[in-house]
Undergrad: 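Let me begin by handing over the structure; questions about it come next.
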2 protein chains.
Amino acid sequence: MQDILFDFIAKYISLTEEEKNAILSLDLFHSVKKGTILLKEGQQSKDSYFVLKGCIRIYYIIDGEEKTTAFYTEMDVLTPPCVISKTPSEYYISCIEDTILTVSNSDMEVEVNSKFPKFEIMCRILAEELLAKKQIDFDEFKNSSPEQRYLNLLQKRPDLIQRVQQHQLASYLGIKPQSLSRLRARILDKNKE
Amino acid sequence: MQDILFDFIAKYISLTEEEKNAILSLDLFHSVKKGTILLKEGQQSKDSYFVLKGCIRIYYIIDGEEKTTAFYTEMDVLTPPCVISKTPSEYYISCIEDTILTVSNSDMEVEVNSKFPKFEIMCRILAEELLAKKQIDFDEFKNSSPEQRYLNLLQKRPDLIQRVQQHQLASYLGIKPQSLSRLRARILDKNKE
DNA sequence: ATCATTTTTTAACTTAAGTGAACGGTTTTA
DNA sequence: TAAAACCGTTCACTTAAGTTAAAAAATGAT
């Protein structure tokens with residue numbers, strides 16, 4: 001499990017044994033049961049996550065309805081926006097599967113970064129990469145119809161469609177569950193011809 | 001003009017005179033005429049921008065149609081995704097007004113960051129903030145209808161609606177120009193009652 | 001295994017966005 | 001300055017998503 005984290009870090013910087021031990025001493029690894037809520041609306045938090053196994057989601061509750069906007073699976077990093085802005089969260093974060101993840105808080109990161117400037121660099125590169133990816137995802141979302149978005153997701157993250165509930169997937173695609181269901185039937189019809 | 005840049009930087013780190021001079025010696029400031037294309041599809045680039053005055057936009061050309069996905073105005077920072085991923089650009093960047101901006105390339109940034117570790121920290125914080133903001137914007141986009149998006153924009157960036165062409169605004173809102181026109185008429189009707 | 005609950009699908013109807021075309025009004029440019 | 005190109009709006013029509021409700025299927029608990 002630790003190797004997964006170190007392999008991930010190795011994509012950005014190379015670590016000495018001393019540095020690896022410093023990380024391990026932080027006791028970052030946690031096992032979390034399906035359904036656990038990591039963050040609630042209104043709460044303040046300093047926690048960031050790295051998913052080793054499983055899946056977590058971000059969702060809002062608007063007019064009593066859950067609106068899922070993001071999923072994080074194996075090898076995904078999540079620093080919730082409210083941690084950056086230091087404001088109360090407007091959304092929930094929960095585990096939709098039994099999940100193994102690392103939990104680090106921003107105080108820890110400040111300390112590690114000042115002790116090992118390498119980490120500062122890794123964090124910068126990682127944030128830049130995630131920003132670039134988010135921008136591209138957003139662009140694709142704007143430039144395509146619900147049906148195209150679904151087909152696109154089928155290409156890029158086929159696992160999600162299996163492991164995630166339809167109504168969560170629907171709001172992730174910016175539509176209602178009934179529309180997703182209909183849209184899938186439409187696609188099947190087309191392929192039959 | 002330089003003070004605008006230094007005021008912006010001051011939000012993140014404090015600079016000595018020596019550091020300010022190091023920045024000024026880089027010759028970052030540029031004036032660009034309306035209509036200038038800063039980046040074309042297919043090009044590779046290392047340039048990042050900070051807008052001091054004016055407005056630039058990102059757009060794709062899909063099936064011969066321009067699809068505008070982002071606007072950057074006063075005090076906005078833009079590092080195009082293709083600069084981060086070091087891949088050819090899939091989009092264009094152009095000035096829709098006479099614009100004053102700083103242009104810095106990633107080689108310069110690597111050098112400055114290694115000479116002044118402070119800058120590394122600023123870049124990290126800035127990237128994290130922009131990522132958090134982008135995530136929230138994306139969430140709001142998914143959770144709202146075209147009409148709500150338009151009204152939301154009217155609140156948050158009323159200037160954009162004045163200075164940007166309707167068909168560019170439409171694709172920014174994820175709809176067709178005719179739909180934006182109709183939607184505005186609908187809103188006016190409602191307010192008349 | 002059965003029942004209760006939740007999730008997904010289907011259907012009928014409403015609403016709004018997409019499409020293609022036409023109309024003035026502006027700006028560009030030859 | 002006249003012609004061409006472009007832009008925003010409007011209209012009629014098509015297509016697809018939203019809404020409400022109900023049925024069917026899957027899941028979970030006892």
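First the proteins, then the strands, lettered A, B, ... as listed; each starts at 1. All figures in this text were calculated on a predicted structure; none of them were measured in a lab.
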Undergrad: Does the structure place the NZ or CZ of A/Arg184 under 6.0 Å from the centre of the six-membered ring of A/Tyr150, at an angle of no more than 45° from the ring's axis?
TA: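 Pair A/Arg184/A/Tyr150 does not count as cation-pi.
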Undergrad: Do B/Asp139 and A/Tyr60 have side-chain atoms, one donor and one acceptor, less than 3.5 Å apart?
TA: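 Yes - a donor-acceptor pair under 3.5 Å links their side chains.
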Undergrad: Rounded to whole Å, how long is the line connecting atom CG of A/Leu180 with atom C1' of D/dG18?
TA: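 Whole-Å distance recorded here is 14 Å.
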Undergrad: Determine the contact category for B/Pro146: base if any of its heavy atoms lies under 4.0 Å from a base atom, sugar-phosphate if only primed atoms, P, OP1 or OP2 are that close, otherwise nothing.
TA: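 It contacts sugar-phosphate atoms only.
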Undergrad: Pairing donors with acceptors under 3.5 angstrom, does anything connect the side chains of B/Ser104 and B/Glu109?
TA: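 Their side chains do contain a donor-acceptor pair, which is all the 3.5 Å distance test asks for.
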Undergrad: In whole Å, I'd like the distance from the CG atom of B/Leu169 to the C1' atom of D/dC7.
TA: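 My rounded result for the distance is 14 Å.
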Undergrad: Examine B/Tyr72 together with B/Tyr49 and report whether their ring centres are nearer than 6.0 Å.
TA: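 Judged by ring-centre distance (under 6.0 Å), B/Tyr72 and B/Tyr49 do not meet the cut-off.
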Undergrad: Nearest to the side chain of A/Leu183, which nucleotide is it out of D/dC7, D/dA17, D/dT10?
TA: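 Of the candidates, D/dA17 comes closest.
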Undergrad: Of A/Arg182 and B/Ser179, whose nearest nucleotide on DNA chain D comes first from the 5' end?
TA: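 Comparing both residues, the 5'-ward one is B/Ser179.
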Undergrad: Using whole Å, report how far NZ of B/Lys176 lies from P of D/dT14.
TA: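 Atom-to-atom, B/Lys176 to D/dT14, this comes out as 19 Å.
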Undergrad: Is it the case that B/Lys134 places NZ or CZ above or below the six-membered ring of A/Phe138, under 6.0 angstrom from the centre and within 45 degrees of the axis?
TA: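 Geometry flag: not set, cation outside 6.0 Å or 45°.
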Undergrad: Could you state the atom-to-atom distance from CD of A/Gln166 to C1' of D/dA17 in whole Å?
TA: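 My rounded result for the distance is 17 Å.
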Undergrad: Taking only Lys NZ, Arg NE, NH1 and NH2, and the carboxylate oxygens of Asp or Glu, determine whether B/Glu66 and B/Arg57 approach each other closer than 4.0 Å.
TA: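 Yes, charged N to carboxylate O under 4.0 Å.
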Undergrad: Where the side chain of A/Ile175 is defined as all heavy atoms beyond and including C-beta, which of D/dT19, D/dA17, D/dG28 is the nearest nucleotide?
TA: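 Within the option list, the nearest is D/dA17.
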Undergrad: If the threshold is 4.0 Å, N to carboxylate O, is there a salt bridge linking A/Arg124 and A/Glu128?
TA: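 Salt bridge between A/Arg124 and A/Glu128, a charged N being under 4.0 Å from a carboxylate O: yes.
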Undergrad: B/Arg186 or A/Pro177: which one's nearest nucleotide on DNA chain C is closer to the 5' end?
TA: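 Nearest-nucleotide comparison on DNA chain C picks A/Pro177.
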Undergrad: Which two nucleotides bound the region of DNA chain C that has atoms under 4.0 Å from heavy atoms of chain A, read 5' to 3'?
TA: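 Range of nucleotides touched by chain A: C/dT7 to C/dT10.
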Undergrad: Between A/Tyr172 and A/Phe71, is the ring centre distance below 6.0 Å?
TA: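 A/Tyr172 vs A/Phe71: aromatic centres under 6.0 Å.
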Undergrad: Output the rounded distance in Å from OH (B/Tyr150) to P (D/dG8).
TA: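 Checked: the OH to P distance equals 12 Å.
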Undergrad: How long is the line joining CD of A/Glu65 and P of D/dT20, in whole Å?
TA: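 Rounded to the whole Å, the gap is 10 Å.
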Undergrad: Which part of the nucleic acid, if any, lies within reach of B/Gln165 when heavy atoms closer than 4.0 Å are counted: base, sugar-phosphate only, or nothing?
TA: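 Contact class for B/Gln165: sugar-phosphate only.
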Undergrad: In degrees rounded to 10°, what angle is found between the helical axes fit to the five outermost pairs at each end of the helix from C/dA1-D/dT30 to C/dA30-D/dT1?
TA: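 End axes: 50° apart.
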Undergrad: Rounded to whole angstroms, how far apart are NE2 on A/His167 and P on D/dG18?
TA: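 After rounding, the reported distance stands at 16 Å.
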Undergrad: Run A/Glu18 and A/Lys115 through salt bridge (charged side-chain N to carboxylate O under 4.0 Å, His left out) and show every step you take.
TA: CA-CA 12 Å; A/Glu18 186 204 351; A/Lys115 202 178 289 176; over 6 Å; no
Undergrad: Please compare B/Lys34 and A/Val164 by the position of their nearest nucleotide in DNA chain C and report the one closer to 5'.
TA: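 Between the two, 5'-proximity favours A/Val164.
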